[in-house]
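All values derive from a computational prediction rather than experimental measurement. Residue numbers start from 1 in every chain, and the chains themselves are labelled A, B, ... in the order their sequence lines are given, proteins ahead of strands.
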Number of protein chains: 2
Amino acid sequence: MSPLLNTPVTITDKIFVELRQQIVNGEIVAGAKLSEVELAQKNTVSRAVIREAINRLTACHLVERKANIGARVVTLTAVGLQELYQVREALEGMAARLAAHHMQDDELAELRTLLDNHQQQVQKDENYYQAAGDDDFHYHIILGSHNQHLITMLLDGIYHLSRMYRVQFGMSGPRVKQAFDEHKQIVQAIINRDPELAELLMRRHIVGTKNSVNSERLDNIPKT
Amino acid sequence: MSPLLNTPVTITDKIFVELRQQIVNGEIVAGAKLSEVELAQKNTVSRAVIREAINRLTACHLVERKANIGARVVTLTAVGLQELYQVREALEGMAARLAAHHMQDDELAELRTLLDNHQQQVQKDENYYQAAGDDDFHYHIILGSHNQHLITMLLDGIYHLSRMYRVQFGMSGPRVKQAFDEHKQIVQAIINRDPELAELLMRRHIVGTKNSVNSERLDNIPKT
DNA sequence: AACGCGTATATTGTCGACATTTTAAGCCAT
DNA sequence: ATGGCTTAAAATGTCGACAATATACGCGTT
C-alpha cells in the first residue's frame with residue numbers, strides 16, 4: 001500500500017513526486033505548460049519518464065493533457081474549488097460513516113492521541129494547526145473507513161489538489177478553534193459507533209470550511 | 001470533454017478503449033497478468049503504447065500495477081463490490097443533489113423523455129432495462145450535476161468498474177420494476193428542485209441495488 | 001529428498017531517434 | 001496593411017534497443 005508513495009522505487013516515481021510537490025507549492029505555476037523536452041533536460045531524464053509522470057499527474061487531476069497539444073497545470077478557479085469541496089463533502093462524509101463502523105480500538109486510540117496533540121498546538125501556535133493538523137485528522141478518518149476505493153480516490157486523487165488550493169491561496173483563517181471543536185465532535189460520534197451522526201458532522205465540517213474560505217479569499221482567484 | 005472517449009484520436013486512445021472493453025467484458029479475465037510484450041505483439045503496436053494504455057487503465061481502477069513486476073487485471077471480490085457501491089452511494093447521491101440545483105430545463109426534458117422510453121421498455125422486455133436503461137439514467141443524473149470533478153471521477157473512474165462487476169456476474173435481477181419506480185421518484189424530486197430528497201432517494205436506490213445484488217449472486221464470486 | 005545459492009531467462013524500466021501533428025513564420029495576393 | 005496559403009520549426013506520438021530488476025532453473029550441499 002503506497003497512498004503517498006513515500007518510498008519511490010523507480011525514477012518515474014521520484015520525478016512524479018517531485019513534480020507533484022512543485023505543482024502543489026506553486027513552484028510550477030498554475031496554468032503553466034509542461035514541456036516534455038524541457039522537463040526532461042532540466043531533470044536529466046528521458047522524455048519517457050516525464051511522460052509517464054505527467055500521465056500520473058493527470059490522473060490526480062493536477063494536470064490536464066490534450067492529445068497532440070500538451071499538458072498544462074490545472075488552473076485554480078472559484079468554481080473549481082467549490083466543486084472540489086462538494087466531492088470532498090460526499091466522499092469524506094461517507095468515510096466518517098464507515099469509520100464509525102470499521103475503526104478498530106487501536107485506531108481510535110491513535111485518533112484520540114492525535115486530537116490531544118492538536119489541542120496543545122491550537123493553544124500555542126494557531127498556524128500549525130491548519131497546516132498539518134487538519135490534514136492529519138482527515139487522513140486518519142479516511143484510512144479508518146477501511147474502504148480501499150475511498151482511500152485511493154481521496155489520498156491519491158483529491159488530497160493533493162486540495163492542498164494546492166490551500167497552499168496557493170494561503171487559507172488559514174479564523175476557523176482554527178471551531179474546526180478543532182468540530183473534529184472533537186466527529187471523533188466522539190465515531191467512538192459512539194454512530195455512523196449517521198459521524199457523516200452528518202463531517203459534512204457540516206467540510207461545508208463550514210468551504211463557506212469560510214469562500215467569504216475570505218475568493219477574490220484573489222484569477223478569472224475563469 | 002471526452003468522458004467516454006468515443007473518438008479516439010491517438011493509437012494509445014484506441015488501444016486503451018479496446019483493452020478496457022475486453023477487460024469489462026471478461027475477454028481478458030479478471031486477475032490476469034497483462035504482459036507488455038505479448039499485448040504489443042498481439043495488437044501490432046509498440047510497447048510504449050501498451051504501457052501508456054495500461055497506466056490509464058490503472059487510473060480507472062481496472063488494473064493494478066506493481067513496480068518492476070507488472071500489471072494485473074483487478075480481481076473481483078465481494079468486499080470490492082461492497083466498497084464500490086459505497087463510493088457510488090456517496091458520489092451519485094451528491095450528483096443527484098447537485099442535479100436538483102443545476103439541471104437546466106432542456107436537460108430535464110431530456111431526462112423525462114428517457115424515462116418514458118424506459119417505461120415502454122420495462123413493459124416489453126425486462127432484460128433491456130438493466131442492460132442500458134439504468135446506466136443511461138445514472139449517466140444523465142451525473143452529467144446534470146454540472147460538477148466536473150464528480151463527472152470525471154464517476155464516468156472515467158468508477159463507471160467501467162461497475163459495469164465490469166455487472167457484466168461478469170450477470171446481475172439483472174427482479175428489481176427492474178422497482179428500480180424504475182425509484183428512478184421516477186428521483187426525477188420528480190429533481191424537477192421539484194428538492195436537493196435533499198433527491199440525494200436521499202438516490203442513496204436509497206443505490207443501497208437497494210447493492211443489497212439485492214448481495215443476496216443474489218454473491219456466492220459466485222471467487223475467494224478473496 | 002529438501003534447502004540454499006548462483007546463474008540464465010524473461011519482464012519491466014529507461015533511453016535516444018524517427019514519425020506525425022501542431023504551431024509559427026514568411027510570402028504572396030488582394 | 002490584411003488575409004490566406006506555403007513552408008519551416010517545435011512539440012507530441014510512436015518506435016526499437018539497451019539497462020536494471022525480478023523470476024525460474026539447475027546445481028551442489030546437507
Could you state the atom-to-atom distance from CD of B:Glu36 to C1' of D:dA22 in whole Å? 14 Å

Short side-chain to backbone donor-acceptor contact, A:Arg72 and A:Glu64, under 3.5 Å: no

Do the charged groups of A:Arg203 and B:Glu199 touch, with an N to O distance under 4.0 Å? yes

Side-chain N,O (A:Thr12) to OP1/OP2 (C:dG13) below 4.0 Å: no

Measure NZ/A:Lys14 against P/C:dG13 and give the value in whole Å, please. 17 Å

Hey, can you pull the residues of residues 61-72 of chain B with a non-hydrogen atom under 4.0 angstrom from DNA chain C? B:Arg65, B:Ala67, B:Asn68, B:Ile69, B:Gly70

What nucleotide, of D:dT12, D:dG13, C:dT12, holds the atom closest to the side chain of B:Lys33? C:dT12

For a side-chain hydrogen bond (donor to acceptor under 3.5 Å, both in side chains) with A:Arg56, tell me which candidate from A:Thr12, A:Asp156, A:Asp13 qualifies. A:Asp13

Under the side-chain contact (heavy atoms from CB on, under 4.5 Å) test, which residues partner A:Val207, sequence neighbours left out? A:Glu89, A:Asn211

Check: B:Arg65 side chain, B:Gly70 main-chain N or O, donor-acceptor pair, under 3.5 Å: no

Angle class for the A:His138/A:His183 ring planes (parallel below 30°, perpendicular above 60°, tilted otherwise)? perpendicular

Expressed as a whole number of angstroms, how long is the span from B:Gln41:CD to D:dG16:P? 11 Å

Ignoring hydrogens and geometry, is there a side-chain-to-backbone donor-acceptor pair from B:Ser145 to B:Ile141 under 3.5 Å? no

Would you say A:Gln168's side chain and A:Ile23's backbone share a donor-acceptor pair under 3.5 angstrom? yes

Can you confirm whether B:Ile158 sits close enough to A:Met153 that some side-chain heavy atom of one is under 4.5 Å from a side-chain heavy atom of the other? yes

Strictly below 4.0 Å: does B:Thr10 bring a side-chain N or O up to OP1 or OP2 of D:dT12? no

Atom-pair distance (CG on B:Leu39; P on C:dA10), nearest Å: 18 Å

Expressed in angstrom and rounded to an integer, what is the separation of A:Ile11 atom CD1 from C:dG16 atom P? 11 Å

Whole-Å distance, A:Asn55 CG to D:dG13 C1', equals 12 Å

Separation of D:dG13 atom P from B:Asp13 atom CG, nearest Å, is 9 Å

So A:Leu34, base contact, sugar-phosphate only, or nothing? Heavy-atom distance under 4.0 Å. sugar-phosphate

Which parts of residues 44-53 of chain A get close to DNA chain D, meaning a heavy atom less than 4.0 angstrom away? A:Arg47, A:Arg51

